[in-house]
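All values below were derived from every heavy atom in this structure, side-chain atoms included, with hydrogens, water molecules and symmetry-related copies excluded. Numbers for residues simply follow the sequence, beginning at 1.
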Amino acid sequence: MNRVMTEQELLACFDDAVKFGHIFVTYQPKINHSTGRMIGAEALMRWTHPVYGMQYPSDFIPVLEKNDLIYKADLAVFEAVCRFLRKCLDNGETPVPVSVNMSRYDIYRKDYVEQIENLRKSYDIPVKYLHVEITESSAIGGMELVSDVLRQLHEYGYVVEMDDFGSGYSSLNVLKDLAVDVIKLDMRFLSGEIGGRGGTIISAIVRMAKWLGTPVIAEGVETMEQADYMKSIGCKYVQGYLYSKPVAEDEFREKMGQLEHEPLTPAMDLINSMEAGRFWDPRSMETIIFNNFVGGAVIFTYHNGDAEILKVNKKYIKEIGMNMMEQEILDADPWASLDEKNREIYEQTLLRAIRSKDEESCETWRNICSKTCGEDRICVRSFIRMIGRTEEHYLFYAMVQNVTAEKKRYNELYDSERRFRFASEHANVYAWEVDVSTREMRPCFRCMRDLNVPPLVHNYPEPLIETGVFPPDYADMYREVMDKLLSGKIDSFEHIIPLTVGRVPFHVRYTLERDEAGKPLKAYGSATLVVDDEEKGE
């Protein structure tokens with residue numbers, strides 16, 4: 001028969017229940033919904049009476065708490081889990097980490113952490129197989145005490161999970177002040193609704209936890225719709241009836257053998273030199289440097305082609321913002337300013353930064369539109385480095401420079417050079433320069449193409465005399481002119497000289513460039529084909 005026992009009956013048989021195993025453990029798996037693999041399990045306390053049958057936790061746990069017996073029951077559960085893990089290890093089975101609940105009454109007992117640590121050592125269980133769960137409500141009204149308990153647990157190497165997150169009234173304060181390793185999100189927060197206001201809040205919690213480097217497990221997941229929704233907002237770890245109800249030890253061992261295992265991974269692995277909390281702290285040195293001592297800088301996320309700007313400094317706004325407000329930039333779609341070609345350039349740079357784990361750079365043209373300045377097209381040079389990742393989610397830091405003016409000057413010079421090159425081709429002009437100190441000559445592209453002059457000529461003009469560009473009967477005269485020019489005795493020179501083996505007449509001109517002290521620097525030469533009046537058609 002099953003009958004709810006009275007408080008007096010529960011108290012009368014409590015010691016026997018612990019001694020004879022009437023208080024026992026069931027295990028509910030924790031699953032990665034993306035892979036179907038098991039990442040751990042939670043140990044749950046159950047009580048069955050040999051006569052009155054199964055008792056509901058909601059009936060007996062308040063009685064044990066009221067009568068200061070819950071810590072004994074929790075210790076019994078912890079020891080039962082240690083026995084189970086020891087059995088698995090002795091049989092050559094690899095267990096998953098099992099989390100054991102620690103109530104607020106356990107936290108109030110100064111020696112409780114020492115007691116569970118002694119139990120773990122007595123069964124020789126590696127600490128990686130035991131997690132400790134505390135409830136969010138246990139932190140309310142005793143934050144300093146809970147912080148001290150967490151410090152002790154971490155010193156021994158335990159992973160600490162916060163259970164029932166979102167069910168209390170101070171969730172954000174708890175998240176801020178307690179250094180928990182895992183958050184278990186209470187799915188009752190959705191109240192059966194997928195999405196809506198509750199979904200928006202849960203999505204924000206998952207996102208905040210990510211940037212704190214804290215994995216999130218959705219607890220109480222009962223439907224595929226719930227699990228898929230949680231995965232869509234970045235929470236892939238689930239626990240609940242969708243995958244398994246709490247099961248007895250033997251059935252759980254069977255499930256462990258059937259399912260592949262994988263470790264629980266942190267929400268975001270940041271580079272060693274960066275601490276996420278300090279980077280978002282407005283008083284930290286990292287933030288002071290970000291805001292004041294670097295150029296335009298931005299922090300953004302990237303996942304499956306989607307990007308989102310998280311933080312910009314004032315210099316970033318000045319570089320590319322066109323009098324936009326910071327919130328306008330944060331709210332805007334980062335891809336909206338890039339056409340297809342420039343977006344591809346930028347995304348390829350992100351992928352290179354992911355592969356190299358080093359700084360990568362690119363230049364992209366963007367169409368920036370602001371309410372005050374209208375629309376403009378600017379060129380931005382970006383230096384990008386990946387600073388954090390979790391699976392396919394990436395965190396990037398980028399320094400930016402508005403190089404529009406530089407690019408326009410370059411394009412003007414390029415166009416000018418192109419026009420000059422086009423004109424020189426049609427004017428039969430050859431040009432070169434000679435470095436005075438080294439006597440190195442650099443020819444134009446037509447000299448290299450038409451006269452086979454190498455890109456760099458040493459000991460000018462001797463190699464060109466040897467190849468016949470300057471005929472032998474003009475060689476000495478040309479050497480003498482070059483010596484006077486390069487020594488600074490003359491500033492310019494003009495003469496008609498027959499060049500090449502065909503002795504084609506060219507008008508050769510030279511101009512000398514000097515430094516501020518009057519010392520010769522470079523000589524600029526040109527040769528223009530001499531065209532007679534008949535060839536001109538006159």
Practice task
Please identify each residue that fulfils salt bridge (charged side-chain N to carboxylate O under 4.0 Å, His left out) with Asp450, with sequence neighbours left out.
Solution key: Arg446
Practice task
Flag the pair Phe396 / Phe300 as yes when their ring centroid distance falls below 6.0 Å, and as no otherwise.
Solution key: yes
Exercise for the section: Kindly give the heavy-atom pair with the smallest separation between Met386 and Ala353, and that separation in Å. Expected result: CB-O, 4.3 Å
Problem - Residue pair Ser34 / Asn32: nearest heavy atoms and the distance that separates them - result: N-OD1, 2.8 Å
Handout entry: Of His131, Gln239, Glu133, the residue whose pairing with Ser99 passes side chain to side chain donor-acceptor pair (under 3.5 Å)
Key = Glu133
Exercise for the section: To the nearest 0.5 angstrom, please state how far the CH2 atom of Trp432 sits from the SG atom of Cys447. Expected result: 6.0 Å
Practice task
Please examine the side chains of Glu117 and Gln152, heavy atoms only from C-beta on, and report whether any two atoms are closer than 4.5 Å.
Solution key: no
Handout entry: Gap between atom CD1 of Ile31 and atom CG of Leu259 - 0.5 Å precision
Key = 5.5 Å
Practice task
Using ring pair (Phe, Tyr, Trp, His ring centres under 6.0 Å) as the criterion, list what pairs up with Tyr27, not counting sequence neighbours.
Solution key: Phe84, Phe252
Practice task
Using a 4.5 Å cut-off on heavy atoms from C-beta on, say whether the side chain of Leu89 contacts that of Tyr129.
Solution key: yes
Fill in the blank from the handout: Residues passing the salt bridge (charged side-chain N to carboxylate O under 4.0 Å, His left out) test with Glu260, sequence neighbours excluded, are Arg37
Practice task
Count the heavy atoms belonging to other residues, nucleotides or ligands that lie under 6.0 Å from OH of Tyr56, then report whether that count exceeds 12.
Solution key: no
Handout entry: Any side-chain heavy-atom pair of Thr214 and Met162 under 4.5 Å
Key = no
Handout entry: Nearest heavy atoms of Leu456 and Pro443, plus distance in Å
Key = N-CD, 4.5 Å
Practice task
Check whether the side chains of Thr35 and Glu262 place a donor and an acceptor atom closer than 3.5 Å, and report yes or no.
Solution key: yes
Exercise for the section: Report yes or no: does Asp181 contribute a side-chain atom to a donor-acceptor pair with the main-chain N or O of Val160 at less than 3.5 Å? Expected result: yes
Exercise for the section: Before giving the answer on side-chain contact (heavy atoms from CB on, under 4.5 Å), spell out for Cys82 and Leu130 the whole-Å C-alpha distance, their side-chain angles and the decisive distance to 0.1 Å. Expected result: CA-CA 8 Å; Cys82 287; Leu130 283 163; 4.1 Å; yes
Completion exercise
For Val96 and Ala41 the tightest heavy-atom approach is CG2-N, 4.2 Å
Problem - Validation row: Tyr241, Pro246 side chains within 4.5 angstrom (heavy atoms) - result: yes
Handout entry: Salt-bridge present (Glu155, Arg151; N to O < 4.0 Å)
Key = yes
Problem - By side chain to side chain contact (heavy atoms under 4.5 Å, CB included) - contacts of Ser244 (at least two apart) - result: Pro29, Val247, Lys255
Handout entry: Separation of Leu185 CG from Cys235 SG (nearest 0.5 Å)
Key = 6.5 Å
Problem - Glu340 CD: over 12 foreign heavy atoms closer than 6.0 Å - result: no
Practice task
For Arg253 and Glu249, run salt bridge (charged side-chain N to carboxylate O under 4.0 Å, His left out): C-alpha distance rounded to whole Å, both residues' side-chain angles, the deciding distance at 0.1 Å, then the answer.
Solution key: CA-CA 6 Å; Arg253 284 181 68 186; Glu249 179 180 304; 5.0 Å; no
Completion exercise
Residues passing the salt bridge (charged side-chain N to carboxylate O under 4.0 Å, His left out) test with Asp339, sequence neighbours excluded, are Arg377
Problem - Parallel, tilted or perpendicular: ring planes of Tyr302 versus Tyr394, cut at 30 and 60 degrees - result: tilted
Handout entry: Test: Arg109 and Asp106 ion pair at under 4.0 Å
Key = no
Problem - Donor-acceptor pair, side chain of Arg352 and main chain of Ser361, under 3.5 angstrom - result: yes
Completion exercise
On a heavy-atom basis, the closest approach of Ala297 and Tyr316 is O-CB, 3.4 Å
Problem - Short side-chain to backbone donor-acceptor contact, Arg385 and Tyr397, under 3.5 Å - result: no
Problem - Backbone of Asp358 reached by a side-chain donor or acceptor of Ser356 within 3.5 Å - result: yes
Practice task
Decide yes or no for Leu153 and Ile116: does some side-chain heavy atom of the first lie under 4.5 Å from some side-chain heavy atom of the second?
Solution key: yes
Practice task
State, to 0.1 Å, how close Tyr237 and Pro263 come at their nearest heavy-atom pair, and which atoms those are.
Solution key: OH-O, 4.1 Å
Practice task
Measure from the side-chain N and O atoms of Glu161 to the backbone N and O of Val182, and report whether any donor-acceptor pair falls under 3.5 Å.
Solution key: no
Practice task
Taking the side chain as every heavy atom from C-beta outward, state whether Tyr108 and Tyr71 have any pair of such atoms under 4.5 Å apart.
Solution key: no
Practice task
Without swapping roles, check the side chain of Asn402 against the backbone of Glu319 for a donor-acceptor pair under 3.5 Å.
Solution key: yes
Practice task
Can you measure from CG (Leu350) to CZ (Arg355) and round to the nearest 0.5 angstrom?
Solution key: 10.5 Å
Problem - Separation of Met224 CE from Lys231 NZ (nearest 0.5 Å) - result: 9.0 Å
Handout entry: Pairwise distance CD(Glu347) to OG1(Thr364) - rounded to 0.5 angstrom
Key = 11.5 Å
Exercise for the section: Indicate yes or no: at least one non-hydrogen side-chain atom of Gln28 is less than 4.5 angstrom from one of Leu44. Expected result: yes
Practice task
Report, as yes or no, whether the 6.0 Å neighbourhood of atom CD on Glu513 holds more than 12 heavy atoms from other residues, nucleotides or ligands.
Solution key: yes
Problem - salt bridge (charged side-chain N to carboxylate O under 4.0 Å, His left out) partners for Glu114, two or more places apart - result: none
